[in-house]
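Quick notes on the structure that follows.
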Amino acid sequence: MRDQPVQAAAPLPGYVDVVLPRRLHRSFTYVVPAELRGRIVIGQSVLVPFGTQDLQGLVIALHHRPPSGAPEAGLKSLRSCGETSRDHVLTPAQVELSRWVAERYAAPWGQCIKLVLPPVDQPRRPHTRYLLTAQGLAEPSSRDGMGEAELRLLARLRRRPNGIMESTLLRGEKSGAMPALRALIKRGLVEQRDEAAAPKRTRRGKAHALTTASALPIGEAGEASPPPPAEAQSWLMMIDKQVAADGYAALLLEGERATRHWCLVQAAQATLRRGRRVLVITGDVENADRLAGLFAAAGEQATLLHSSLPVKEREAAWYEARGASSTIVIGTRMAAFAPIDRLGLVWVEGEDDTSLKEEQVPRYHAREVAHERARRENAVLVLASNHPSLESWAAVQQGLMMACVYRNPTQGPKIQVIDLKAYGRDSSAGTVLTPDLCEGIRDALQRRSLAILFLNRKGFASVLHCADCGVNPQCDVCSVALTFFRRSNQVRCHYCGRSKPVPEQCPRCQSLKLEPVGAGTERIEEAVRRMFPMARVGRVDGETIRRPGDARAVSRLMDAGELDIVIGTQMLFRLALPARAAFVAVPDADAGLHVPDFRSAERMYHGLVDAAALALPAAAGGRLLVQTRLPDHHAILALASGNEEMFVAQEQAFRQLLQYPPWTSLIRLDVSGTAEPAVARAAHRWVALLRGQVFSAQGAPLSGGHGVSRPGGSAGVAGESRQPFILGPSPAPHAMVRNRYCWQILVKSDASEVGTAAVLRTREELERESRRGGLRFDIDVDPVSMA
DNA sequence: AGCACGCCGACT
DNA sequence: GTCGGCGTGCTC
């Protein structure tokens, strides 16, 4: 051991700033012990004392003298710097990527680190109980050196033969109980017993016995041999050229699943031939499995990395991905951070899937992370979907991405739109089971083929719509559905918070028949069963499909021809159908439209496109029936005419007019707490601070006097002002979550950096002034779901 | 975020 | 007394 802290020629930094995996936006400064000096680098993972515990943190800066902000009470020292595992020195790329996420999504950097670190099994703290050992029960030979606290503790434990829980033990005592306890344990008088630890949430253990995905169904029988689109050949050459040139490129690929799969395998193999690696990211686990199976069938071994794997397997997959042998990594959003070097191709399969957005605190979007990685690592990014997001179309329009659309129009079913207005409103269940719909089912049954009914996800909030013309009352400013409150007989916009009495008449047709949405679809399963008593009816929704295994079971049922009619929600699209259906119906296409979310039309359109993909081609007798009260809606028209561009153009125009993404950056602020008035007050205060911020950024308030908000009307106009615009506050659509009241605020800005900067500054101020109340202030940059 | 610490109420 | 719950304040 050479232990020679000789005065070094150049002084080594003696202080480090460390970020910690906690919900804290600051870093903390520590002293570097002499023996560790010179070994600490930025990106080093270190163990530091923090409060009563030791935490693994990340070094983000080195100093020669304590920074000015350091506390006077003195700084603590680093414990160690992960000499046991080299793994914990982050590469500069990992440090930078985690920092990028922290800044982009206004998350504490310390919490973003775990994204790039190997998954670790978090040991559940067991319930510990302390009791006397045999030695402790016997009168101790000597009590010398025992402090008063130790003696008291000993006496207390003697009264409790079964031991005392840690929590109660530490309660009555002043500080000093814990050191005393440790001292007693050291003397062998007390022992610690861990009781049945809090039941560890084990995630489906055995469902993943098969890590090689070859045993899983590959795709749909109906699309077994995709005819490789002729244009795709040149596309492939372009990808290959890009990979070979070691250059970044971004492509949007639109096509049916079979086409995308074909392109994916080809592009991946071309990338591998160039000695580069492939990362495939998709929204759900079933699809990741399916893609792995696809590669297996093509003779390529892929590493699966997703959150449904048991932690140990996930950890193994992480290291495997980092190793030299792994060339293709497939996973859900967490896989966007997989430690793959020599990345050549990043493929996001189903790029418009909302589950690519993390809803927990580093609220990143895996598509964005994938994009950023491709940019940083000079890889080719492909965003693939059957119906790309408006965000991606906007990127294409701005020249940031190249679009490739490979469609075979002969693959689609015959589409028929039924105008429900013709059926009046009084027929209740009869309204949704129109004669055309029943005839379609009957026909499918006769042909011994499957009939599928797709129910759009119902809104969480109660929304009104006109039974005669189908429109719903919307907010004048925000153009989203107004939420209906029966008790106060009011409607409210949960974007901007305005409320007013329920309108008496339909805003379009003046009908008096405004009523809550969705009554008809509730009982549809019952109605279908009554109408077709001999048919075998299955249901596929969040309640019947809880785990991927369930989905497979349903697929198998259909495969075996055990089902005649399947009724389901969006969950249907996750299944690997054995065959396409002769008849697919959407009994109430408008239901999804009435969700108070500016993206509702886009979601509705995607649902319809997906529903169409479930049906056989028209040439094979496939039919899609869409029932609506809004046959002129652009989503319906675009679907019926197969004119996607028209939908995108109209929807883009709507978003631009109302300044919604992708034309603005949107940030949702959530204020929550246990006391409603405090929450409301804090939310209003935040808005005031933000507006102050906005105005002061400009130098002076806009027109004096009312100064609180810009006139509502101007929200709709693409104003020349480049200031963030603030909507709200308003009670969140889900007003109470886990006994906490929630209010929300929306911040629109041209660039998300502008918005996040203002939001972070004001939140700091807000937290300073409102210490109490158990208030929480959450930030969601680019929220993907508003309802 | 996680943890300690204090206060309250239920149970025994 | 014991034990769980919850609000509050703090962490270099």
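On a predicted model such as this, the values are computed, not experimentally measured, just so you know. All chains are named by letter (A, B, ...) in the order of the sequence lines, taking the proteins before the strands, and each is independently numbered beginning at 1.
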For Pro108(A), which contact category applies under a 4.0 Å heavy-atom criterion: base, sugar-phosphate, or nothing?
nothing

Side chain of Thr52(A) only, heavy atoms from C-beta on: which candidate in dA4(B), dG2(B), dC12(C) is closest?
dA4(B)

Determine whether Glu377(A) and Val346(A) make a side-chain contact, defined as any pair of heavy atoms from C-beta on separated by less than 4.5 Å.
no

If you look at every strand shown and take non-hydrogen atoms under 4.0 Å, does Leu20(A) touch a base, only sugar-phosphate, or nothing?
nothing

Distance in angstrom units between Ile60(A) CD1 and dC12(C) P, rounded
16 Å

Return the value, rounded to whole Å, for the distance between atom CG of Asp54(A) and atom P of dT11(C).
16 Å

Quick one: label Tyr30(A) by what it contacts on the DNA or RNA (base, sugar-phosphate, nothing), any heavy atom closer than 4.0 Å.
sugar-phosphate

When rounded to whole Å, the CG to C1' distance for the pair Leu75(A) and dT11(C) reads 13 Å

Tell me the interatomic distance from Arg22(A), atom CZ, to dA4(B), atom C1', rounded to whole angstroms.
14 Å

Nearest-angstrom distance from the residue atom OH of Tyr741(A) to P of dG7(C)
12 Å

Do the non-hydrogen side-chain atoms of Thr332(A) and Asp284(A) ever get within less than 4.5 Å of each other?
no

Which nucleotide sits closest to the side chain of Lys76(A): dC3(B), dC12(C), dT11(C)?
dC12(C)

Take atom CG of Leu24(A) and atom C1' of dC12(C), then tell me their distance rounded to the nearest Å.
11 Å

Gln53(A) CD to dC10(C) P, straight-line distance once rounded to whole Å:
17 Å

Would you call Arg104(A) and Asp782(A) a salt bridge, using N to O less than 4.0 angstrom?
yes

Side chain proximity check, Tyr30(A) to Phe50(A), heavy atoms < 4.5 angstrom:
yes

In whole angstroms, how far is the P atom of dG9(C) from the CD atom of Glu767(A)?
13 Å

